[in-house]
Number of protein chains: 2
Amino acid sequence: MARRTTTAVGDTRRALLDAAAAEFAARGYAGANVDRIARAARVNKAMIYYHFRSKAALYREIIRDMFDAVAARVREVAGSGASPENKVRGFIAAIAIEGEARPHFPRIWLREIAEGAEHIDAGTLRDARDVLGALGSIIEEGCRAGRFHPANPLVIHATIVAPLMFFFATGKFRQKLDRHGARGAARISRDEVVTHLERVTLAVLEGRIA
Amino acid sequence: MARRTTTAVGDTRRALLDAAAAEFAARGYAGANVDRIARAARVNKAMIYYHFRSKAALYREIIRDMFDAVAARVREVAGSGASPENKVRGFIAAIAIEGEARPHFPRIWLREIAEGAEHIDAGTLRDARDVLGALGSIIEEGCRAGRFHPANPLVIHATIVAPLMFFFATGKFRQKLDRHGARGAARISRDEVVTHLERVTLAVLEGRIA
DNA sequence: GTCTATAAATAGATAGAC
DNA sequence: GTCTATCTATTTATAGAC
């Protein structure tokens with residue numbers, strides 16, 4: 001019997017991580033409240049300090065998990081045997097899938113940008129660098145194969161990642177706008193955005209823009 | 001003599017607004033500290049409650065100023081006699097100019113998105129709706145003139161505004177990345193981003209993408 | 001691993017003199 | 001309009017029992 005009567009091992013930890021991600025996304029690092037996190041996780045507050053060391057350490061762990069997942073998926077795409085075109089599609093999908101799988105990631109990501117990556121540790125910074133590097137190598141590979149024109153990876157990165165994070169993070173905002181006269185602001189699908197980004201990015205890289 | 005010996009009328013108010021914008025950008029609404037704002041403005045803390053009513057009211061005023069400025073500029077572009085193509089260029093320029101003129105705007109904008117526009121009053125919401133509406137009418141005008149293909153204004157908006165705000169807000173982050181192995185992350189100009197967005201957006205709207 | 005109780009610091013806000 | 005002093009509530013964090 002590997003389980004307790006009511007609670008599985010690690011449940012408290014998981015519940016805290018989930019509740020904390022929601023709280024950090026909604027209120028930011030400084031605005032987040034450990035009491036509220038504990039209450040939402042239906043766990044005693046002291047457990048935060050037992051399982052993690054501090055509010056800051058809890059936050060860093062959440063950040064690290066998110067960026068690790070994105071970086072891993074992107075590295076996998078870049079290292080695969082796919083064509084440069086499909087690697088670009090895979091890159092866009094990687095960001096979209098991870099941004100969607102972790103409902104609080106996009107909002108936390110926006111806040112970290114605003115904060116100048118202040119709460120980010122060396123490993124997470126390496127993740128960010130790797131994502132950018134992977135995109136750069138995909139572009140280079142396409143250029144060597146004579147299928148892509150040279151382009152600044154930072155510009156391509158910004159025009160893919162920013163709209164995607166923006167889209168995922170604006171769910172609430174768009175519903176509010178919809179109710180206030182911007183008819184249809186809420187009616188837009190994830191696929192519409194992804195397809196648009198694929199079309200545009202590939203057109204740019206393949207020099208299909210007059 | 002309309003001035004006092006040392007301090008012009010309204011100086012305290014202005015100093016507080018500037019210091020507060022910096023504080024809110026760096027730490028978010030909940031994380032911002034009124035003591036720190038007063039200290040940075042070299043003004044007594046009680047002045048915040050005299051000139052504004054509360055921390056919340058001070059924040060709302062900053063938000064309103066920023067979005068009013070953007071909306072005004074965008075409305076001007078949409079209502080001008082320019083061609084649809086130049087109106088699109090004007091729209092992109094409007095966002096870029098205001099995002100650049102108010103150094104704290106992009107980071108505060110990112111945070112507001114993350115917060116689901118919680119601190120936003122009705123006037124500011126109207127601004128947001130008008131910006132989206134103006135872009136929609138520019139696209140419609142281009143379609144009626146047979147120069148644009150139909151496109152979802154929300155998608156076009158996201159692919160313009162998100163990368164621009166992202167670019168302006170990531171100044172610090174990109175310098176950090178640059179020092180950590182992402183060679184050239186800091187070496188990218190505002191004009192490079194704006195030119196890229198103009199080219200891509202017009203190519204999409206004019207159906208010049210295969 | 002989990003709980004109660006509480007310490008210690010910091011926050012937003014105001015009263016009242018000048 | 002500006003300043004000092006202070007009130008009150010909230011917050012992170014820990015000690016210690018179970």
Side-chain angles (χ1 to χ4, degrees), chain A residues 1-63 108 111 115 118-119 121, chain B residues 1-63 108 111-112 115 118-121:
Chain A
M1 199 138 78
R3 283 164 173 278
R4 304 276 200 74
T5 25
T6 56
T7 327
V9 180
D11 267 13
T12 296
R13 211 185 145 79
R14 255 267 66 81
L16 279 171
L17 284 171
D18 289 345
E23 175 76 2
F24 286 129
R27 305 181 193 249
Y29 174 73
N33 179 303
V34 292
D35 277 287
R36 207 156 28 216
I37 291 172
R39 220 177 312 130
R42 296 165 161 284
V43 150
N44 189 281
K45 179 174 58 151
M47 288 294 92
I48 290 178
Y49 297 92
Y50 174 78
H51 283 285
F52 310 90
R53 208 190 73 257
S54 63
K55 176 184 174 181
L58 170 58
Y59 184 71
R60 272 195 302 273
E61 178 143 345
I62 288 171
I63 292 281
I108 292 180
R111 289 187 191 275
E115 224 134 316
E118 203 129 298
H119 302 284
D121 59 31
Chain B
M1 201 133 83
R3 283 167 173 275
R4 305 276 200 73
T5 26
T6 55
T7 327
V9 181
D11 267 14
T12 296
R13 213 185 143 78
R14 256 266 69 79
L16 279 171
L17 283 170
D18 289 345
E23 176 76 2
F24 286 128
R27 305 183 192 247
Y29 174 72
N33 178 301
V34 292
D35 277 287
R36 206 155 30 215
I37 291 172
R39 220 178 311 128
R42 297 166 160 284
V43 150
N44 190 282
K45 178 173 61 150
M47 288 293 92
I48 290 179
Y49 297 92
Y50 174 78
H51 284 285
F52 311 90
R53 208 189 72 257
S54 64
K55 176 185 175 180
L58 170 59
Y59 184 70
R60 272 195 303 273
E61 178 144 343
I62 288 170
I63 293 280
I108 291 179
R111 289 188 191 274
E112 267 308 311
E115 222 132 318
E118 203 130 296
H119 302 285
I120 266 179
D121 58 32

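Order of the sequence lines sets the chain letters (A, B, ...), proteins ahead of strands, with each chain counted from 1.
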Practice item. Measure from CZ on B/Arg36 to P on C/dA11 and round the result to the nearest Å. Key: 6 Å
**Study point:** Between P of C/dG12 and CG of B/Leu16, the distance in whole Å
**Key:** 14 Å
Check your understanding: Looking at A/Ala21 and A/Ile62, what are the two nearest heavy atoms and their distance?
Key -> N-CD1, 3.6 Å
Study note, to complete from the structure: With the side chain defined as heavy atoms from C-beta on, A/Lys55 is closest, among D/dT2, C/dG12, D/dA13, to D/dA13
Revision key, fill the gap. Any stem touching DNA chain D, meaning at least three consecutive Watson-Crick or G-U pairs under 3.5 Å, ordered by first number, would be C:1-10 with D:9-18, C:12-18 with D:1-7
Point to revise | Note: B/Asp35-B/Arg39 ion pair, threshold 4.0 Å (strictly below) | key: no
Practice item. Any chance you could measure A/Asn44, atom CG, to A/Tyr50, atom OH, to the nearest 0.5 Å? Key: 13.0 Å
Practice item. Please determine, for the side chain of B/Met47, which listed nucleotide (C/dG12, D/dG1, D/dT12) has the closest atom? Key: D/dG1
Practice item. Would you classify A/Ala38 as touching base, sugar-phosphate or nothing, given that sugar-phosphate means primed atoms plus P, OP1 and OP2, and contacts are heavy atoms under 4.0 Å? Key: nothing
Check your understanding: Rounded to the nearest Å, what distance is computed from the CG atom of residue B/Leu58 to the P atom of nucleotide C/dA11?
Key -> 16 Å
Point to revise | Point-to-point distance, once rounded to the nearest 0.5 Å, from CG of B/Asn33 to NZ of B/Lys55 | key: 7.5 Å
Review point. Out of curiosity, A/Arg13 CZ to A/Glu61 CD, how far, rounded to the nearest 0.5 Å?
Key: 4.5 Å
Practice item. Please work out which of the three classes, parallel, tilted or perpendicular, describes the rings of A/Tyr29 and A/His119, given edges at 30° and 60°. Key: tilted
Review point. What does A/Asp35 touch in the nucleic acid at a heavy-atom separation under 4.0 angstrom: a base, only the sugar-phosphate, or nothing?
Key: base
Review point. Below 4.0 angstrom, N of the basic side chain to O of the carboxylate: do B/Arg111 and B/Glu115 qualify?
Key: no
Check your understanding: Nearest-Å distance, CZ (B/Arg27) to P (C/dG12)?
Key -> 11 Å
Revision key, fill the gap. B/Tyr50 atom OH is separated from C/dG16 atom P, nearest whole Å, by 18 Å
Study note, to complete from the structure: Taken to the nearest 0.5 Å, the spacing of B/Phe24 CZ from B/Glu112 CD works out to 10.5 Å
Exercise for review: Look at the side chain of A/Tyr49 and decide which nucleotide, out of C/dC3, D/dT2, D/dT12, has an atom nearest to it.
Suggested key: D/dT12
Check your understanding: OP1 or OP2 of D/dG1 sitting under 4.0 Å from any side-chain N/O of B/Thr12?
Key -> no
Review point. Nearest of C/dT10, D/dT12, D/dA13 to any side-chain atom of A/Ser54?
Key: D/dA13
Practice item. Measure the distance from CZ on B/Phe52 to P on D/dT2 and round it to the nearest whole Å. Key: 11 Å
Exercise for review: From the options A/Ile37, A/Thr12, A/Val43, select the one residue that forms a side-chain contact (heavy atoms from CB on, under 4.5 Å) with A/Ile48.
Suggested key: A/Ile37
Point to revise | Non-hydrogen atoms of B/Ala19 and B/Ala40 that approach each other most closely | key: CB-CB, 4.0 Å
Write out a two-atom table: protein N or O, nucleotide N or O from nucleotides 4-9 of chain C, distance below 3.5 Å.
none

**Study point:** d(CG, A/Asn33; P, C/dT10) in whole Å
**Key:** 17 Å
Exercise for review: Identify whether any heavy atom of A/Ala56 sits under 4.0 Å from a base atom; if not, whether one sits that close to sugar-phosphate; answer base, sugar-phosphate or nothing.
Suggested key: nothing
Check your understanding: Rounded to the nearest Å, what distance is computed from the CZ atom of residue A/Arg42 to the P atom of nucleotide C/dC3?
Key -> 13 Å
